[in-house]
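Working notes, structure below.
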Amino acid sequence: MTLEEEITQAIIAAAKKLYGQEPDAAGIQLQATRKEFEGDLTYVVFPLLKMSHKKPEDTANEIGAELKNMVPAITDFNVIKGFLNLCISKSNWVEVLNSIAADANYGCKQATDDSPLYMVEYSSPNTNKPLHLGHVRNNLLGHSLCQILKANGLRVVKTNIVNDRGIHICKSMLAWKLFGNGETPESTGKKGDHLVGDYYVRFDQEYRKQVKELMETKNLNEDDAKKQAPLILEAQKMLEKWEAADPEVRALWKKMNDWVYAGFGETYKRLGISFDKIYYESQTYLDGKAKVNEGLEKGIFYKRPDGSVWADLKDAGLDEKLLLRADGTSVYMTQDIGTAQQRFHDYNISKMIYVVGNEQNYHFQVLSILLDRLGFKWGKDLVHFSYGMVELPEGKMKSREGTVVDADDLMDEMIKTAKETSSDKLKDYAPAEVDNIARICGLGALKYFILKIDPRKNMMFNPKESIDFNGNTGPFIQYTYARICSVLRKAAEAGIDIPAELNGSYEIAERESTLIQNLASYGQVVKQAGEDFSPALIANYAYELAKAYNQFYHDFSILKEENNEMKTFRLVLSREVAKIIKSAMNLLGIEVPERM
RNA sequence: GGUUGAGUAGCUCAGUUGGAUAGAGCAACAGCCUUCUAAGCUGUGGGUCAAGGGUUCGAAUCCCUUCUCAAUCACCA
């Protein structure tokens, strides 16, 4: 039983004794006492007034006196208005620290074979353009979410759906065929995804030229010109050939997709993310079509005179939704139906989570309803982990207007800046170690910058101001870790033995017990982050912890402390802070360096 | 127009499910390195929590109205 639970029980017992009624345990909240008041834990007594029929101060005093008698760890209490501040004994805090030290995975749970299986889809790139800042947010959130779910004792399958077919892919294929002169990643030295992306842009440029020309020469309006431009017609023909499995088109498709996958692979590796199972839309869209046709036969969907298939969702307060075009080809929704079916066939999934931007809210609302109507019992329970857009000072990112922040460029930039920042301090180190530290810090700054923000919100990214390395940042937390490592190294050099567990009595200071209290709350934070799907909670916790440690570090000597008992205590405390920082950062997918 | 989300310091963001005098960082200014890593620590200034009403011991938080912004409501994915 934790101290909080013990006190909660005591409050219930005290209320019963004093007022003859038992308050609801769920309604009893203990919070850390604000630092301007004396005490460690605070209980707000206002809810008890209905049963006590006394003033807040009197009620708090009565309860406080009872608690002090019942709970040995409570040494004293004070009352301010309706707030009952409880002081916890020093020895209790040392015990708490010992319990943290005894558990290498403190705050995290381990999954067993019976644990529920969660499947998390994230990343979900198109194969016609390189990853940009928006994808980075998606990838980081997805990876961190998986880490957090695992830390809550769940089994997790990380999955990715690659959008590898459709008209947009044909556009870059066509442009490469027409203008590429046989260029390859090898011949140009370009990453495959960038090379293919360039041809996607090229298609758009040439296409727009043709549209403009048609409007001028044949006096067409824009819509008609867009439909009649030779390039788009040829791309459509290519898509038809692809669907008919034309060997030449398929070979080109495979070649270019492989270039892109190699490029994505590099970016993923650098970002530190991975997948357990990858799905490709080219392999699931036929299932989706089959399922839609099945729904059509059962009368769940209906066909219009032109041959297109629709779902009527007006009774659910939504509109009608297209599922198959008149020519029989599939749309986004069709593919997602097929993909979902395959996944639930492949795995015994208890929860399916889609990490996809909030622009898709409507899509997932519809998907859930459609799957439910198609008879999948899990359809209703799909979770769309919806996150906000990344905005630039000029507004939204647009590939065609060149206002995207490329993922690879961004990482290069961050690592370069980190290297400049650390070059003075790391003069004595081997170049490879300097590079590795710059990589860890640069990526740490980027990842933390993105993950500390509430996922739901749109976030602002200003490339000119770039990302900070001071203050509430990844490197700040990494620095705190490296600092502790340095102290522990020096302790080892001096031959000081740091025990696994403390015994004895220690006169610890307020700042030290606060730090222990901070450490102790890690488990609660991990749990909350798991329930809320919120890496931001972990990020903010890690910052608070690092800040609290730095204040402690500034005010107290560790190795220079003359009292050996206290020196040992502070070393253990430091070691445990480092452990929890490393664990929390791991949940965010951020590495921590031992020196920087 | 409908739906969903958001609006907190000059800027970027927190705010533990309704608790004490609304907090950090950046930017500005002023201090702290012969002593365990100054990517650190301390201090100063900066707020009508979009506006108005309601619920109650107590509201940035819950409810209603209004305003502003974003996304979406496509035979694009």
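Keep in mind that the numbers below use all heavy atoms, side chains included, and drop hydrogens, waters and symmetry copies. Chain identifiers are assigned alphabetically (A, B, ...) following the order of the sequence lines, protein sequences preceding nucleic acid strands; residue numbering begins at 1 within each chain.
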Please confirm whether the shortest side-chain N or O distance from [X] to OP1 or OP2 of [N] is below 4.0 Å.
{"X": "A:Q551", "N": "B:rU42", "answer": "yes"}
{"X": "A:N470", "N": "B:rG25", "answer": "no"}
{"X": "A:R483", "N": "B:rA38", "answer": "yes"}
{"X": "A:Y362", "N": "B:rU72", "answer": "no"}
{"X": "A:K547", "N": "B:rA39", "answer": "no"}
{"X": "A:K452", "N": "B:rG25", "answer": "no"}
{"X": "A:R325", "N": "B:rC76", "answer": "yes"}
{"X": "A:Q29", "N": "B:rU17", "answer": "yes"}
{"X": "A:K490", "N": "B:rU37", "answer": "yes"}

Select base, sugar-phosphate, or nothing to describe what [X] touches, counting heavy atoms under 4.0 Å on all strands.
{"X": "A:K425", "value": "base"}
{"X": "A:F556", "value": "base"}
{"X": "A:M596", "value": "base"}
{"X": "A:E493", "value": "nothing"}
{"X": "A:N462", "value": "nothing"}
{"X": "A:I453", "value": "sugar-phosphate"}
{"X": "A:V487", "value": "sugar-phosphate"}
{"X": "A:T480", "value": "nothing"}
{"X": "A:P47", "value": "base"}
{"X": "A:Q360", "value": "base"}
{"X": "A:F476", "value": "sugar-phosphate"}

Planes under 30° and centres closer than 5.5 Å, is that true for [X] with the base of [N]?
{"X": "A:F46", "N": "B:rC57", "result": "yes"}
{"X": "A:F83", "N": "B:rA20", "result": "yes"}
{"X": "A:Y543", "N": "B:rA24", "result": "no"}

Presence of salt bridge, [Y] and [X], under 4.0 angstrom:
{"X": "A:K419", "Y": "A:D435", "result": "yes"}
{"X": "A:E243", "Y": "A:K289", "result": "yes"}
{"X": "A:D223", "Y": "A:K227", "result": "no"}
{"X": "A:D327", "Y": "A:R325", "result": "no"}
{"X": "A:K226", "Y": "A:E222", "result": "yes"}
{"X": "A:K55", "Y": "A:E57", "result": "no"}

Considering Watson-Crick and G-U wobble pairs with both distances under 3.5 Å, what does [N] pair with?
{"N": "B:rG18", "result": "none"}
{"N": "B:rC69", "result": "B:rG5"}
{"N": "B:rA60", "result": "none"}

**Study point:** Stacked cation flag A:R165 on A:Y285, 6.0 angstrom / 45 deg
**Key:**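 Yes.
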Practice item. Give a yes/no verdict on a cation-pi contact between A:R595 and A:Y429, requiring under 6.0 Å between NZ or CZ and the six-membered ring centre and an angle within 45° of the axis. Key: yes
Practice item. Pick the P atom in B:rU3 and in B:rG58, then give their distance to the nearest Å. Key: 33 Å
Using only heavy-atom distances, decide whether a donor-acceptor pair under 3.5 angstrom links the side-chain of [X] to the base of [N].
{"X": "A:T473", "N": "B:rA39", "value": "no"}
{"X": "A:N85", "N": "B:rA20", "value": "yes"}
{"X": "A:N472", "N": "B:rC26", "value": "no"}
{"X": "A:E544", "N": "B:rA14", "value": "no"}

Between the side chains of [X] and [Y], is a donor N or O closer than 3.5 angstrom to an acceptor N or O?
{"X": "A:E320", "Y": "A:Y302", "value": "yes"}
{"X": "A:E38", "Y": "A:N78", "value": "no"}
{"X": "A:N358", "Y": "A:H384", "value": "no"}

**Study point:** Proximal nucleotide (of B:rA77, B:rU37, B:rA70) relative to the A:E391 side chain
**Key:** B:rA70
Point to revise | Which nucleotide in B:rA20, B:rA77, B:rC73 has an atom nearest any side-chain atom of A:D319 | key: B:rC73
Exercise for review: Enter syn or anti for the glycosidic conformation of B:rC33, syn applying to angles within 90° of 0.
Suggested key: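 Chi for B:rC33 falls in the syn range.
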Point to revise | Syn or anti conformation of B:rU35, syn meaning chi within 90° of 0 | key: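 Base orientation relative to the sugar is anti.
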Practice item. Please report the C-alpha distance between A:W253 and A:D164 in whole Å, then the side-chain angles of each, then the deciding distance to 0.1 Å, and finally whether the side chain to side chain contact (heavy atoms under 4.5 Å, CB included) criterion is met. Key: CA-CA 9 Å; A:W253 173 73; A:D164 61 345; 3.7 Å; yes
Point to revise | Residues, nucleotides or ligands: over 12 heavy atoms within 6.0 Å of A:E394 CD | key: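 More than 12 heavy atoms, drawn from other residues, nucleotides or ligands, come within 6.0 Å of this atom.
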Distances for protein N/O vs nucleotides 4-6 of chain B N/O pairs under 3.5 angstrom?
| from | atom 1 | to | atom 2 | distance (Å) |
| --- | --- | --- | --- | --- |
| B:rA6 | OP1 | A:R456 | NH1 | 3.2 |

Practice item. Please tell me which of A:N163 and A:R34 maps to the more 5' nucleotide of RNA chain B, matching each residue to the nucleotide holding its nearest heavy atom. Key: A:R34
Practice item. On RNA chain B, check which nucleotide each of A:E465 and A:L426 is closest to and give me the residue with the more 5' one. Key: A:E465
Practice item. With a 4.0 Å heavy-atom cut-off, tell me which residues in residues 522-540 of chain A come close to RNA chain B, sorted by residue number. Key: A:Q528, A:D532, A:N540
